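Here's the structure, in structure tokens; my notes come after.
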Amino acid sequence: MCTMGSCRTGHNHAQFSDLAGVINFGADLADAHMPGTRAERIIRLERDILSKNGAFARANRDRLKAAGIFTLNLVSSPGSGKTSLLVRTIADLKHRFPISVIEGDQQTSNDAGRIRVAGTPAIQINTGWGCHLDAHMVGHALDHLPLNQGSLLFIENVGNLICPAAVDLGESHKVVVLSVTEGEDKPLKYPDMFAEADLMLLNKIDLLPYLDFDVRTCIQFALRVNPQIQIINVSARTGEGLPAFCHWIEWRASLMRRPAHASL
Amino acid sequence: MFDMLVAENLVDLIEEEGLRRSFSRVRAIRLRIGALGHVEPAALYSCFDEASEGSIAEGARLDLEMVPGEGWCPDCSEIVSVEKLYDGCRSCGQGHVRITAGEELRVLELEVE
């Protein structure tokens, strides 16, 4: 159920199909206009334009925190290998944590299907025309997942390095995935995303011998934008670097669950 | 960069206010926008045209109040002007500037009927 009570606006009505485990957004348009007065008037608002998402994100964060759920929002360009990385990571961690996944794409439930094959509950959100997940959509998806105490939740965002940077979902951390088949200057071209992320996974590292990608330069660019960002080189294909990523998750999850270190 | 995202959220917010405060048409929208790169005025105008189509904000005039970028440089111990996010301080070149203005994305008021 939508806890913020603003689903009545007519936009973003989620259509959930239990059979397919897919939530579709963006299917219907606003049509609930109220008749108003004819007299012109000035209405003072003084509000942040993105404040509505912020309220949904806070509600998600409170809900996840109460259940002790450690949540990662995975963001990247399309084709960086997020889903493959997730499938490998789940295989390595599923014996230690209950895990759930929210998959965001404009269309198809292919990614959720790949996660479910690995034996993990997954909800697919199709954003329709939307280029990113928002906190309202994620709140609906949470209603359909088993939110076990002390579990991990991975949210795989729509492949897009721009808008997801500005949209808080209520996650514990944003993790940006960059693959070495992209340019090493991506952190400079899309700085907001790298500034927002706490961890960068440099993926497809096994392909380095065949490419001119300069890892050192890429890391320098990422640190220029975000001096606090942590970086792990990984390969979803060979498994290189995944133990380090799993350790990072276990470490961060344990910090989150210790109230004295909640802000770390 | 986030022009469509901002335009869509703006239209949603206005639609909600329209229901709450019973107005059916918006003639003008006054916004305060920081200059540090999240929104490009020309792109925002065209995204707004698209996002507001069929809504109570369709055809409304956007009045933008732009706020220049500014930050506190701990190395210089003073407020410095900032032209681009993530650039170093313009006086000392160090990258420790904390932004204090220029990231605003606020809707100030609506002229409605």
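Below, all heavy atoms of this structure are taken into account, side chains as well, without hydrogens, waters or symmetry copies. Naming: A, B, ... by sequence-line order, numbering from 1 per chain. Computed from a predicted structure; not experimentally measured.
When the shell of 6.0 Å around CD of B:Glu50 is examined, it contains 12 or fewer heavy atoms from other residues, nucleotides or ligands. The number of heavy atoms from other shown groups lying within 6.0 Å of CD (B:Glu65) is above 12. By the 6.0 Å contact criterion, CD on B:Gln94 is enclosed, its count of non-hydrogen atoms from other residues, nucleotides or ligands being greater than 12.
Residue with the most contacts toward chain A among B:Glu8, B:Glu109, B:Arg106, B:Arg27: B:Arg106 (heavy-atom pairs, distance under 4.5 Å). Note: B:Leu108 leads B:Leu108, B:Val26, B:Asn9 in heavy-atom pairs under 4.5 Å with chain A.
Only the side chain of B:Leu13 comes within contact range of chain A, judged by heavy atoms closer than 4.5 Å.
Of the inter-residue distances, the one linking B:Leu10 atom CG with A:Arg47 atom CZ reads 10.5 Å to the nearest 0.5 angstrom. Atom-to-atom distance recorded for B:Asp12:CG and A:Asp134:CG is 9.0 Å, nearest 0.5 angstrom. Rounding to the nearest 0.5 Å gives a distance of 7.5 Å between CZ of B:Phe2 and CD1 of A:Ile162.
Between B:Arg21 and A:Leu45 there is a side-chain heavy-atom pair separated by less than 4.5 Å. You'll find the side chain of B:Val107 stays beyond 4.5 Å of the side chain of A:Asp48, heavy atoms only.
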Might you work through the side-chain contact (heavy atoms from CB on, under 4.5 Å) test for A:Ile42 and B:Val112, ending with a clear yes or no? CA-CA 6 Å; A:Ile42 301 287; B:Val112 305; over 6 Å; no
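Of the charged side-chain nitrogens involved, none lies within less than 4.0 Å of a carboxylate oxygen, so that A:Glu46 and B:Arg30 do not count as a salt-bridged pair. A salt bridge links B:Glu16 with A:Lys52: the distance from a Lys NZ or Arg NE/NH1/NH2 to an Asp or Glu carboxylate oxygen falls below 4.0 Å.
In terms of heavy-atom proximity, B:Tyr86 sits nearest to A:Asp192 at OH-OD1, 2.8 Å.
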